[in-house]
Amino acid sequence: MTMENESKKKLRIKNESDDEDDKPLSKVKKPPILDDNEDSEDEPLSSKSNKRKGSPATSSSSKKAKKESKIKKETTPTPNGNAKIRKEKSPKLEDNKEAVDEDDEDKDDGEEEDDGTYKWWEEEDEDGSIKWKTLEHKGVLFPPEYETLPSHVKLYYDGKPVDLPPAAEEVAGFFAALIETDHGKNPVFQKNFFNDFLEVLKESGGANVRIEDFEKCDFTKMFAYFELKKEEKKSMTSAEKKAIKAEKDKVEEPYKICLLNGRKEQVGNFRVEPPGLFRGRGAHPKTGKLKKRIGPKDITLNLGKECPVPPLPAGQKWGEIRHDNTVSWLAMWRENVLGGVKYVRFAANSSLKGMSDFKKFEKARQLKDHIEAIRKDYKRLLKDRVMLNRQIATATYLIDVFALRAGGEKSDEEADTVGCCSLRFEHVTLSPPNTVIFDFLGKDSIRFYQEVQVDLQVFKNLKLFKKSPKVPGDDLFDRLDPSILNKFFQKYMPGLTAKVFRTYNASKTMQDQLDLIPNEGTVNEKVLKFNAANRTVAILCNHQRTVSKGHETAVQKINDKIKELIWQKIRCKRMMLMIEPSLKKKKSAFFEEIDDLTKEDQLTIHKLIIERETNKYHSKFKRENDKKKEENEDLLPESVLLDNLKKVDELKKEYEKELKSGKPVLPANMTIEKLEQQIEKFEQRITNTELQLKDKEDNSQVALSTSKINYIDPRLSVMFCKKYDVPIEKVFTKTLREKFLWAIESVDENWRF
DNA sequence: CGGGTGACTTAGCAGAGGGTAC
DNA sequence: GTACCCTCTGCTAAGTCACCCG
């Protein structure tokens, strides 16, 4: 990995001198065309290539760009009434009001009277940089102290039991719990864990046995102990479980809510992350490293000046107390593995989060008014003679059409994943005339694989960007990074960045898909259609999930079910012919399928049925006898079971005969009409089951939730529900309903994205 | 003026919890 | 009532983007 990165860097440097190639392009005097309908601001675009070539700096672009966007803000016809849903003078709500909270259900009869919940979306919006006036909360909840294992549970080294100091035992335990998982089997994870483990062991005084080789460590006893504990927990009575839950709730309670400007709001992650082993995604070089325990001294609290500082046990102190009302976090600490900052924030249903969510979608909606111009421009710029402009245009195309992420640069301390700007030579394969194969790992090391047709000029450009001397490891967009791209976007619309395209295209796609759904059928059918629309969006955004363990068998089961239904149907048709042989000629199409199932197929189905029946009687017998045993009654004689099994045996014989003759036994009183009805029923069930199967298959690798939570404007879902008479619970879970309350309350069936 | 980093959104997964079939 | 399965929630890693500082 290091090697790769090394070579990447080298190649990049080499690239700079390869300017030769594009000189014909970049030398051209002509200013970037983008500006032709703007006044005359070409600098921001050429800034990076200027830098690369070390040309005399242009008078700082960023300030200008800022100024410019400000000017634009004023001149651009503001996207009108979109910004506010409803306006209201809404009083400041000086305290006392917060006495009412959770019981909003009963309260919302008179919604003009906004007691209960705070309807921020009906308020006048300020500039947004001040997040709060007062903020009061109880701080954070720390994980419990480590409890040492019973003395008989130990790590074994080279066959010998090891006495570990508690600190080291804890770390060993972190690993022991994972030995059966992919992480535990990952050599990088093992190595990183082991290094940190040895360190902790040394610091905590060492063990009775000298430990130096990971391979000689035996964690199985510890693992078994954890498994045992899990079992114990599972087999607790529900009363015990309830008691534990109640205790947990009680401890959590104070932390759950805070006071924001005097109003109650929920806190999100008030729990400090417990120590453990870092579980990086994909091929993360630091995966397995020890994530250290965080104490009060590591925590910075953020709250109002006048608010009481949450107390701590004697002798302990908070790391720092801040009163920063320009940020929306309540507490913060630095984490040791990546050196990043972790925050305690408001919950998703809080007004602050809701507001910024609303703004996000409004911004995306605003893009509607500019997208045409942007597309027109980038199509033109694809042929621009300035290399940078071509790269900007091509990247914009990829972001717009394939919903790629911006793709910022990453260090080699992280997994090697890419987005648009960081795409490399090897991630794109070109096949004339215009087929492109994308194959790379994106965010969370999720594979992006797509074989697509692109605009001819895009194809040519990609070819140009791959031109020798570029080789695998080189950046495709060697002039580009997200900040250049975003500066380009800001020219069209203030606040427009690469990620807005994803939101826009996702919501736009959803709107278009919903428009195609006819208002008919049952609620469940409509929900299925809704999910299908959702799935289109999820696919666009490449939201995946790993196929669940049981998926394969579940699919097999459904397939068996379908086969059996088909068999039943065919059987009915055969019976019809037994009653009325002349039908075969009269309705030949109808009877076409009667020989579709092979003997083997039929036999398999028979076997399945027989097996099922046998099991049924066995378990019935057992169940009834268990009950009798418990009630001290006489047990059923074996003969009861045997009688039932005899019935199964007769059925089996019947099937055997049927298989030979091709003729089922005709039940008494059977008529053509009855059979027709049955066939219809079977056909219905077959269609339903097939739909169910398709849904399952289609969904097995696609995660719908991510787009529903982050990309699809919730007002679309609300609109759908109102328009199609679908209860909102069918598309939003309880948490989502809370998160999207602002959307649920503010739109009707005519709303459009 | 560009690299680092703070603050925020977006992401998949594990485990809890709740519903359903037997 | 139990086993199983699927959905939902909580968790925390991994992105994006703006701003700050040397």
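Hydrogens, waters and symmetry mates play no part in the numbers below; they use all other heavy atoms, side chains included. Naming: A, B, ... by sequence-line order, numbering from 1 per chain.
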Counting distance only, does the side-chain N/O of A:Ser707 pair as donor-acceptor with the main-chain N or O of A:Leu704 below 3.5 Å?
-> yes

Ignoring backbone atoms, establish whether [X] has a side-chain N or O less than 4.0 Å from OP1 or OP2 of [N].
X: A:Lys291; N: C:dA13; answer: yes
X: A:Thr706; N: B:dG12; answer: yes
X: A:Lys443; N: C:dT16; answer: no
X: A:Arg271; N: C:dC11; answer: yes
X: A:Thr733; N: C:dT9; answer: yes

Name the residue closer to the 5' end of DNA chain C, choosing between A:Arg405 and A:Pro274 according to the nucleotide with the nearest heavy atom.
-> A:Pro274

Which comes earlier along DNA chain C counting from the 5' end, the contact point of A:Leu338 or that of A:Ala498, where each point is its nearest nucleotide?
-> A:Leu338

For [X], answer base if it contacts any base atom (sugar-phosphate contacts may also be present), sugar-phosphate if it contacts only those atoms, and nothing otherwise; contact means non-hydrogen atoms under 4.0 Å.
X: A:Lys241; result: nothing
X: A:Lys696; result: sugar-phosphate
X: A:Arg279; result: sugar-phosphate

Taking atom NZ of A:Lys233 as the centre, does the number of heavy atoms from other residues, nucleotides or ligands within less than 6.0 Å exceed 12?
-> no

Which nucleotide, B:dG6, B:dT9, B:dC8, lies nearest any side-chain atom of A:Val341?
-> B:dG6

From the candidates C:dC17, C:dA13, B:dT9, the one with an atom nearest any side-chain atom of A:Lys360 is B:dT9

Heavy-atom nearest pair, A:Cys421 first then A:Pro482, reads SG-N, 3.7 Å

